[in-house]
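First the structure, in the form of structure tokens, and then the observations on it.
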Amino acid sequence: MTKALMVVTNNPKFKKIQRATGIWLKEASHFNKVMADNGIDVDYVSPQGGYVPIDPLSLGTDDMDATDWEYYLDDTFRNEHLAKSLKPADVDPQDYQVIYFVGGHGSMTDFTENTELAAIAEKIYANDGVVAANCVGVCGLLPMRTADGNRFVHGRKLTGFTNDEEALNGLTNDVEFLLEDELSKAGASFVKGTAFEPNIVVDDRLITGQNPNSATGVGEAIIKELLQ
């Protein structure tokens, strides 16, 4: 049976400013919905295990649709997946065909240098699985390495939350780094789409989305890849 592993942050606060953060709900709920609709079980893992915060701004009435409400009100999602996420040591990469790094600015703090999570993703990819990430969660790809020690993202086409989108959010000077810049420095071929419009980039078994509105498309691209 095909299984997907969703990587989520434990970080509830921006590092540089007094502002709450966490996962962006839509990036988890919409991806999970695509997986569920296709009969794929999903587990959640976080850097420390346990509690996973939701960015309060992602719970605004203008941002939440029927899928977001479905998951937000679901006891299993809140009381199991987000309250009792797995630790990296709990995960056997052999059990998963997909790994997906969920965005939200919290991930900038605990994904970017996390070699434990990177090692899980590297093994899933080496086993012919799919590595996917969305929005700020694409920073989870930065610590990954290839078998010969090179940066995993080097020479790969991908996308993620853009400098323009951070500027439109008013967060350019408040985030720990600009993701577009860091991916480009790491040798990635960054593919920028229109701000806050869905943009999904597929490079072999690497699938990335630009922003929260890309989460459904990332899930659908994964399904298409798995069916090949």
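Position 1 is the first residue of the sequence; numbering continues from there. Side chains included, hydrogens not; waters and symmetry mates left out as well; all remaining heavy atoms used.
- Closest of all the heavy-atom pairs between F177 and M108 is O-CE, 3.1 Å.
- With no hydrogens or angles considered, a side-chain donor-acceptor pair links D68 and S29 at under 3.5 Å.
- When all heavy atoms of G137 and F101 are compared, the pair lying nearest together is O-CB, 3.3 Å.
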- [ ] Apply side-chain contact (heavy atoms from CB on, under 4.5 Å) to the pair V218 and Y100, showing each step before the final yes or no.
- [x] CA-CA 9 Å; V218 169; Y100 168 65; 4.0 Å; yes

Open item on the list: Assess the residue pair V98 and E225 against the criterion (side-chain contact (heavy atoms from CB on, under 4.5 Å)); give the C-alpha distance rounded to whole Å, side-chain angles, the decisive distance to 0.1 Å, and a yes or no.
Closed with: CA-CA 10 Å; V98 177; E225 178 66 32; over 6 Å; no

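- The closest side-chain heavy-atom distance from N11 to T21 is below 4.5 Å.
- Side-chain polar atoms of Q48 and N10 form no donor-acceptor pair below 3.5 angstrom.
- Only one option out of V136, V102, I54, L57 pairs with W24 in a side-chain contact (heavy atoms from CB on, under 4.5 Å); it is L57.
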Task: Intermediate values then yes/no, side-chain contact (heavy atoms from CB on, under 4.5 Å), F14 and V175 - done: CA-CA 7 Å; F14 277 75; V175 293; 4.2 Å; yes

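- Nearest approach of D164 to K192, heavy atoms of both residues: OD2-NZ, 3.6 Å.
- Inter-residue side-chain proximity for L142 and R151 is flagged as met; some heavy-atom pair is nearer than 4.5 Å.
- Residues Q210 and E165 are in side-chain contact: their nearest non-hydrogen atoms beyond the backbone lie under 4.5 Å apart.
- I40 and A4 get closest at one heavy-atom pair: CG2-N, 3.8 Å.
- Residues L171 and H105 form a side-chain contact, since some pair of their non-hydrogen atoms from C-beta on lies under 4.5 Å apart.
- A salt bridge does not link D174 with K16: none of the charged nitrogens is closer than 4.0 Å to a carboxylate oxygen.
- The nearest pair of heavy atoms linking F161 to C135 is CD1-SG, 3.4 Å.
- One N or O on the side chain of R78 and one on the backbone of Y72 form a donor-acceptor pair closer than 3.5 Å.
- The residue from E27, H30, K26 that alone fulfils the side-chain contact (heavy atoms from CB on, under 4.5 Å) condition with T216 is H30.
- Listed by first and then second residue, the side-chain hydrogen bond (donor to acceptor under 3.5 Å, both in side chains) pairs involving residues 35-45 are K3-D43, N32-Y44, D43-Y96 (not counting sequence neighbours).
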Open item on the list: Run the side-chain contact (heavy atoms from CB on, under 4.5 Å) test on T172 and L178 for me, step by step, so that the C-alpha distance in whole Å, both residues' side-chain angles and the decisive distance to 0.1 Å come before the verdict.
Closed with: CA-CA 7 Å; T172 299; L178 292 173; 4.3 Å; yes

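- In plain terms, the two heavy atoms of P47 and T9 that are nearest each other are CD-CA, 4.4 Å.
- T76 has its side chain within reach of H81: a pair of non-hydrogen atoms, C-beta onward, lies under 4.5 Å apart.
- Not a single donor-acceptor pair under 3.5 Å links the side chain of E116 to the backbone N or O of P88.
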- [ ] Go through the steps to decide whether N211 and S214 satisfy the test side-chain hydrogen bond (donor to acceptor under 3.5 Å, both in side chains), and finish with yes or no.
- [x] CA-CA 5 Å; N211 49 48; S214 305; 3.0 Å; yes

